[in-house]
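Whatever order the structure lists ligands and atoms in, that order sets their numbers, starting from 1.
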Amino acid sequence: MFIDEVRILVKAGDGGNGCLAFRREKYVPRGGPSGGDGGRGGDVALVASPHYNTLLHFRFNPEHKAERGRHGEGSNKTGRDGASIDLPTPTGTVVYDADSGEMLHDFTVDGDRFIVAHGGRGGRGNARFATSTHQAPTEHEPGKPGEEKRLRLELKLLADVGLVGFPNAGKSTLISRISAARPKIADYPFTTLEPNLGVVSVGNDLANPKTFVVADIPGLIEGAHEGHGLGIQFLRHVERTRLLAHLVDVSEGSGRDPVSDFEVVVGELRCFSEEMAAKPMIVVATKMDAAQDLTRVAALEAHVMGLGLPFRKISSVTGEGIEELKRAMWEMLEQKRRSQESEVRSRKLEDTAALE
Ligand SMILES: Nc1nc2c(ncn2[C@@H]2O[C@H](COP(=O)(O)OP(=O)(O)OP(=O)(O)O)[C@@H](O)[C@H]2O)c(=O)[nH]1
Ligand SMILES: [Mg+2]
């Protein structure tokens, strides 16, 4: 459904062999060893790219080899290093070693680069083995082979925003209102049994399209972590979203108190994982057109504001607040993206500093 998976083979370049040579020149007797070192083999790296959202390109092309290092040559010439290759993969890809099952890397941020197979070191030429008592060495090393690995790439859900809330809160109705997705909508709980995805576009600047993906998942009820209702397992479909939109029905029709609904859902998120509970969240009061008692709405607003969370009021029937909600979601996603990017940048700087 939402999980895309491929197996690929990656082979880094072998190192070039070290050379065995002696300087031979007229009038230079015993010119000494002059075999150069072999070059390093190229690496194979995966790079998280926002331009891909499936693993399909690997399916058509499952083997990737980097160039080998050139052999060393006489006159102390070092062989050229093999070129490395960068393979783009969608952000959200998790890389496993297909043989051991070990997780090697988790791409969460655009531009992240991870070497999956290291090129072999070049062998040393005989010139390197010369010492004062060993002036005509014949030792020279072969290059080390480049790493070869079978990998399993797994891409989890691509959604940016996950809609959570009680059953009947209006999650599917909202997704049908803001995207082309047409999930089943009905006046009874647990209409949605499987997650739905919808692509939302904000504004209409064609040169600079602003889009994000929203996932609608089944509703949560008290005790979902103990298996009540549909349980909480489908929350894994929104594990990778950058933002949760928590929908709370504020109409009288729900027969429940909005503040306690809100707390129940937050409690269930926490039972799933602390990371889930700590995700950025926007709280959305739904069905404003059917809310007669506005003190209920105000109570929810005060509660949410007290927690420092953004709050919006909408009606999917009249369209009230929908555009503002789309924009607010987009802004929050952008903010998150920018902070993640600067995190990666500072991590890269730290890495470079550590190498120096
Ligand atoms: N008056 C009013 N009714 C709404 C609004 N949004 C949704 N509804 C109604 O609320 C009911 C439930 O809507 P859904 O979108 O199916 O709710 P859901 O959160 O997806 O529910 P589950 O899939 O069961 O978890 C439907 O009868 C909708 O027509 C709204 O803004 N105003
Ligand atoms: Mg639904």
Side-chain angles (χ1 to χ4, degrees), residues 1-2 157 159 161-200 213-238 241 243-269 271-272 276 281-294 296-298 300-301 304 311-329:
M1 178 191 29
F2 288 120
L157 183 71
V161 182
L163 301 184
V164 296
F166 259 80
N168 254 342
K171 303 178 293 298
S172 302
T173 311
L174 176 63
I175 209 171
S176 73
R177 178 92 202 197
I178 60 178
S179 77
R182 289 294 169 261
K184 188 171 166 197
I185 295 168
D187 185 17
Y188 51 82
F190 306 120
T191 317
T192 301
L193 299 173
E194 295 238 309
N196 301 296
L197 286 185
V199 178
V200 180
V213 179
V214 177
D216 163 32
I217 59 171
L220 292 165
I221 57 169
E222 176 131 45
H225 66 282
E226 291 166 333
H228 293 207
L230 294 176
I232 52 172
Q233 278 323 301
F234 49 78
L235 278 174
R236 74 192 152 82
H237 294 298
V238 291
T241 59
L243 173 66
L244 294 179
H246 183 164
L247 272 55
V248 186
D249 184 348
V250 291
S251 73
E252 275 66 39
S254 81
R256 294 181 308 259
D257 173 51
V259 175
S260 85
D261 274 12
F262 172 84
E263 283 303 325
V264 165
V265 170
V266 167
E268 296 301 326
L269 294 177
C271 289
F272 182 81
M276 185 65 83
M281 180 185 279
I282 181 166
V283 183
V284 184
T286 62
K287 310 192 190 178
M288 281 302 287
D289 59 286
Q292 268 117 39
D293 182 0
L294 292 179
R296 287 156 53 88
V297 185
L300 178 65
E301 179 161 16
V304 166
F311 180 74
R312 287 280 181 295
K313 297 180 248 189
I314 64 160
S315 162
S316 296
V317 169
T318 64
E320 171 192 347
I322 299 284
E323 275 308 308
E324 292 87 336
L325 175 62
K326 276 165 55 175
R327 277 182 197 286
M329 286 174 171

* Residue and atom name of the nearest protein heavy atom (relative to atom 25 (O) of ligand 1), distance in Å to one decimal -> Lys171 NZ, 3.0 Å
* Check: Ser251 main-chain N/O paired with Arg296 side-chain donor or acceptor under 3.5 Å -> yes
* Asked: What protein heavy atom sits nearest atom 17 (O) of ligand 1, and how far away is it?
  -> Gly170 N, 3.2 Å
* **Three-point angle Thr192:OG1, the Mg ion (ligand 2), Ser172:OG, rounded to the nearest 10°** => 90°
* To do: Quick one: look up the protein heavy atom nearest atom 14 (P) of ligand 1 and list residue, atom name and how far away it is.
  => Thr173 OG1, 3.5 Å
* Asked: Backbone, side chain, both or neither: what part of Ala186 comes under 4.0 angstrom of ligand 1, heavy atoms only?
  -> backbone
* Taking the non-hydrogen atoms of Thr286, is any one of them nearer than 4.0 angstrom to ligand 1? -> no
* **Residue, atom name and distance, where the atom is the protein heavy atom closest to atom 5 (C) of ligand 1** => Lys287 CG, 3.5 Å
* **Any Lys184 side-chain heavy atom under 4.5 Å of Asn196 side chain** => no
* **Atom indices of ligand 1 within 4.0 angstrom of Pro189 heavy atoms, with elements** => 24 (O)
* Asked: Is it true that Asp216 and Lys171 make a salt bridge, defined as a side-chain N closer than 4.0 Å to a carboxylate O?
  -> no
* Asked: Which atom pair, heavy atoms only, marks the closest approach of Leu300 to Ala285?
  -> CD2-CB, 4.3 Å
* To do: Check whether any N or O atom of Ile314, backbone or side chain, sits under 3.5 Å from an N or O atom of ligand 1, and answer yes or no.
  => no
* **Gly219: numbered ligand 1 atoms lying under 4.0 Å from its heavy atoms** => 25 (O)
* Asked: How close does the nearest protein non-hydrogen atom get to atom 31 (O) of ligand 1, and which residue and atom is it?
  -> Ser316 N, 2.8 Å
* To do: Sort out for me which residue in Leu163, Thr241, Leu235 forms a side chain to side chain contact (heavy atoms under 4.5 Å, CB included) with Ile217.
  => Leu235
* Side chains of Ser315 and Asp289: is there a donor and an acceptor less than 3.5 Å apart? -> yes
* To do: Answer yes or no: is there a donor N or O on one side and an acceptor on the other, between the side chain of Arg312 and the main chain of Leu325, under 3.5 Å?
  => no
* Check Ser315 against ligand 1 and report side chain, backbone, both or neither, counting heavy atoms closer than 4.0 Å. => both
* Asked: To the nearest 0.5 Å, how far apart are CD1 in Ile185 and CG in Leu174?
  -> 9.5 Å
* Which ligand 1 atoms are under 4.0 Å away from a heavy-atom of Asp187? -> 27 (O)
* To do: May I ask you to decide if Glu222's main-chain N or O and Glu268's side chain share a donor-acceptor pair within less than 3.5 Å?
  => no
* Asked: Are there more than 12 heavy atoms of other residues, nucleotides or ligands under 6.0 Å from atom CZ of Arg327?
  -> no
* **Short N or O distance, Ala169 and ligand 1, threshold 3.5 Å exclusive** => yes
* To do: Considering the heavy atoms of Tyr188, write down every atom of ligand 1 situated less than 4.0 Å from one of them.
  => 24 (O)
* Asked: Among protein heavy atoms, which lies nearest atom 1 (N) of ligand 1, and at what distance?
  -> Asp289 OD2, 2.9 Å
* Could you tell me whether a side-chain N or O of Thr286 sits under 3.5 Å from a main-chain N or O of Ala169, the two making a donor and an acceptor? => yes
* To which protein heavy atom is atom 29 (O) of ligand 1 closest, and what is the distance rounded to 0.1 Å? -> Ile185 CG2, 4.1 Å
* Asked: How far is atom 12 (C) of ligand 1 from its nearest protein heavy atom, and which residue and atom name does that atom have?
  -> Asn168 OD1, 2.9 Å
